[in-house]
Protein chains: 2
Amino acid sequence: MEKTGQPTINDVARIAGVSKKTVSRVINRSPLLNDDTRKRVEDVIGQLGYIPNPQARALALRRNFLIGLVHDNPNAQMVLNAQQGILEALHGTEFELVVRPVDRGSATMLDDVRHFLERQRLFGVVLLPPISENDTLAKLCTSIGCRYVRMGSAQLDDPAHMVTSNDSQAVTAAVNHLIEQGHRRIGFVAGPHGFRSARERREGFERALSEAGIAFPRSLSADGTYRFESGIIAAERLLDLMPRPTAIFACNDEMAAGVIHVARQRGLEVPRDLSVIGFDDTAIASHIWPPLTTVRWPIASMARSAALKIISTTADNDDGAVEEPSMFRSTLIRRASVSSPTE
Amino acid sequence: MEKTGQPTINDVARIAGVSKKTVSRVINRSPLLNDDTRKRVEDVIGQLGYIPNPQARALALRRNFLIGLVHDNPNAQMVLNAQQGILEALHGTEFELVVRPVDRGSATMLDDVRHFLERQRLFGVVLLPPISENDTLAKLCTSIGCRYVRMGSAQLDDPAHMVTSNDSQAVTAAVNHLIEQGHRRIGFVAGPHGFRSARERREGFERALSEAGIAFPRSLSADGTYRFESGIIAAERLLDLMPRPTAIFACNDEMAAGVIHVARQRGLEVPRDLSVIGFDDTAIASHIWPPLTTVRWPIASMARSAALKIISTTADNDDGAVEEPSMFRSTLIRRASVSSPTE
DNA sequence: TTGTACGCGTTATCAT
DNA sequence: ATGATAACGCGTACAA
C-alpha cells in the first residue's frame, strides 16, 4: 500500500498469490488466462479498490494517454463544443483531454506549441480553426511524431488528418434562401483575410449570386474580422448605400449581431426592412432579437470524429482513422431574421 | 536516444561525461553544483534538445503535474474564462490543465468524479460553480488526498480551499443604482433553487430594497434557471403585472437577455420603458441591444488565484496557499440598459 | 561536489 | 497458463 494510500499492482499480486505479470494480464484482458485465476485476481482488485497508475503505464508503454486541444478560436461556445465532442470520444477510454490556447499573433507561437507537444509527449492533438489552417503547425506535429487531426472548412490535409465541413456549400444554400425570398441586393460581411473559412464562405456567397445571375458589385462587400465590432463598422457602410441592400449575409453570428445592432439603431426593423443571415449558430444566434437565421456546423461531431481518428490510429496503421467520417454537412437553421423584401 | 527519438537523461549523462544524478541536479537547479559541470551539462542538454519526461518524473516523485478543472457551468464564456485564468497560473510551470465537465443531474456524478480523480491522481482540482457548492464533492477530494480549491460566491470553505466573489454586495450596488435612478417597482428574476450564487444574489437584492425602505411583494419575484428561456417566462409574468415594474434585475445575463427579448416583443423600449440589469458580464451582455448594464465578476482572476493556491500548496504546508488572495470584488458595468423611469 | 544503487508502478521478454 | 527478470526515465539515500 505504501504511504500514497493507493494499492499497487504488487499489493494485488501478493494478496492474490500470483505474480504481478498475471495481474497485468488481468488488467489488460489478456485472453490466455485461467478463468479462476482471473476471477481471484479481479476479486482482490475490487476488494482493494486497486486502480492502475497511468503514469507508470505511460512510462512502460512509452506513450501517454493525453489528447491535446490546440486552439486560438475567439468564440467560447465553439471551443467548448469542440471540447465536448472530444470528451465524448474519450469517454470510457483511458485518455484525458488537455487544453492549450495559443496566441496566433505571437511570434513564438510555433515554438510554444512545439515545446508543449514535446514536453508532454501528447498522444495526439486536435487542431481547431483557425490555427488548424496553419500548415507549418501540421508539419511540426509530423516532425515530432505527434498524431494530429485538423478541423476546418476545406480539405487541407488527407482524410486521416482532417475533418472538414462544407462551409462553402452551406453558404450557397443560405444565400439561395435569400434569393428565393426575392432579395437581389445582398450585402456581404467578410471574414478576416488569411482565414480559410472566410475564403470558403465568400466563395459560397459568390457562387450563389453568380448562379442566379445576380451582380455582386464591390460596394456590397465589406471587410470584417469575425468580431462583433467589425460587424457594426461593416453595417454602417453597407446601410449607407443607396439603394440600401435588402439583405446582408455576415460570415459569422457575432458580426451578424453587429449588423442587427446597427439596423436597429437606424430604426430599421429586421427582417421587415433588412434580412440578415449569420454563420456558426452559436448561442448568440438564438438569444438576440430577432432570432438569427444562420448556418450550423456540427463542431462537436467533428471534434468527436477528430478525436476518434487519433485514438484509433496505431503507430503502423496511420489510416485506420479513415474509417471515421471526414466530411460533415453544415445546415441552414431558419429563424426569424429573414423575410421577403418589402419595397 | 533509443527508438522513441527523444533523448533521455542517460544520453545527456553519457555525452556530458557525468552521472545522471548530476544531470538531475542541473534540471532541478540544485545549488550545490560546480559551475563548469553545470555549464557542460546544460550545453549538452541544449545541443540534444533534451526534455525531461514528465511521466517518469511523476512516477519517481509520486505525484503528477496535472491540474483538473471540474465544472458543470452551462455558460461557455465563463468556463473558458476560468480555463484562461488557470492556464495563466500554470504558464511557465510544468503543470498542465485537464478539463472535466460533469453532469450534476446524473446520479453517478460523484462516482464519476471520484473515478476521474483516483485514476489520474491529479495534483489538484479547481471546482467551478455551481458544482463547487457541493460539500460532498469537497469532502471527496479531501478523502482521496486531492488538493482542491472551490470558486464561489460565498465562503463555503476555509481560505486555503476557496476563492470567493462578493456577489451579494455587488447586487446591492446594482440595485442601488436602479434606486438612485428613481426606480421603486423593481422586478427580480431569481436563479435556480439550491444554487448558492442564486441565494447570494437574492440576498443582495433584498438588502438594497430593504435599506431603501422599498417593499418587495412576492409578485415582483419570478423564478429562473439561469437560462435564456427562463428569463422569457419570468418576464412574461412580470410584465403582465399592473402596474408594471419599471426595472428588472435578472440574476444572470442570459435571463436578462430573455427579459429584453420579451420587452421588445411587447413594444416596450429598453431602457425608456424598462430598465434591465444582468449579472456575469458574459459576451452576450455587450452584444445585445441595448448593451446590458451588468455585474462583472473577475472569474479569470479568481481561477488564476485558485490554481496558484493549488500549486503553491505543499504536502506539509496546507496553507501556504493563504497568501494568494481569496476575496474578489465584482463590479457594476454601466451600459445602456438603465435609465430613469419615464412615467 | 559528485557518483552508486535502488525504488517508483507498470509492461515486455522469455522462460517454464 | 504463469512467473522471474529486465526495462521505462527519473529521483533520492547514502556513500565517496
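Each chain gets a letter, A, B and so on, in the order the sequences are listed, and its residues count up from 1. Small disclaimer: the values here were computed from a predicted structure and weren't measured.
For C/dT2, one of the phosphate oxygens OP1 or OP2 lies less than 4.0 angstrom from a side-chain nitrogen or oxygen of B/Asn34. Contact annotation: B/Asn28 side-chain N/O to D/dG11 OP1/OP2 distance is under 4.0 Å. Phosphate contact (OP1/OP2 of C/dT1, side-chain N/O of B/Thr22, threshold under 4.0 Å): absent. Within the structure, a side-chain polar atom (N or O) of A/Ser24 is placed less than 4.0 Å from OP1 or OP2 of C/dT11. For the pair B/Thr37 and C/dT2, the criterion of a side-chain N or O lying under 4.0 Å from OP1 or OP2 is met. Side-chain N/O atoms of A/Arg57 include none lying less than 4.0 angstrom from OP1 or OP2 on C/dG9. The side chain of B/Ser19 contributes an N or O atom lying less than 4.0 Å from OP1 or OP2 of C/dG3.
Atom CZ in B/Arg121 sits roughly 8 Å away from atom P in C/dG9 (whole-Å rounding). To the nearest angstrom, C1' of C/dT10 lies 15 Å from CG of A/Asn64. Rounding to whole angstrom units, CD of residue A/Gln55 and C1' of C/dT11 are separated by 15 Å. Taking atom CG on A/Asp36 and atom P on D/dT2, their separation rounds to 7 Å, with Å as the unit. Atoms CZ (A/Arg63) and C1' (D/dA7) sit 18 Å apart, rounded to a whole Å. With rounding to whole Å, A/Phe65 atom CZ is found 13 Å from C/dT10 atom P. Across the protein-nucleic acid pair, A/Arg40 atom CZ and D/dA1 atom P stand 15 Å apart, rounded to whole Å. In this entry the distance linking NZ of A/Lys20 with C1' of C/dT11 reads 9 Å, nearest Å.
For D/dG3, the base has a donor-acceptor partner in the side chain of A/Arg25 [N/O atoms by modelled type, under 3.5 angstrom]. No donor-acceptor contact under 3.5 Å links the side chain of B/Lys21 to the base of D/dT12.
A/Lys39 and A/Asp43 are joined by a salt bridge, as a carboxylate oxygen and a charged side-chain nitrogen come within less than 4.0 angstrom of each other. A/Arg304 and A/Glu88 are joined by a salt bridge, as a carboxylate oxygen and a charged side-chain nitrogen come within less than 4.0 angstrom of each other.
Here the shortest heavy-atom pairing between A/Lys309 and A/Met162 reads CE-O, 3.6 Å. Closest approach of B/Ala138 and B/Tyr148 over heavy atoms only: O-CE2, 3.7 Å.
Among the nucleotides D/dT2, C/dC8, C/dT10, the one closest to the side chain of B/Ala60 is C/dC8.
Within 4.0 Å of A/Ile9, counting heavy atoms only, lies at least one base atom of the nucleic acid. Counting non-hydrogen atoms under 4.0 angstrom, B/Leu59 reaches a base of the nucleic acid. Residue-level contact check: B/Val23 touches neither bases nor backbone, having no heavy atom under 4.0 Å from any strand.
For the pair B/Leu33 and B/Ala56, both in contact range of DNA chain C, the more 5′-proximal nearest nucleotide belongs to B/Leu33.
In this structure, B/Glu94 and A/Arg119 have side chains that are in contact, with non-hydrogen atoms separated by less than 4.5 Å.
Ring to ring, A/Phe95 and A/Phe123 are close: their centroids are under 6.0 angstrom apart.
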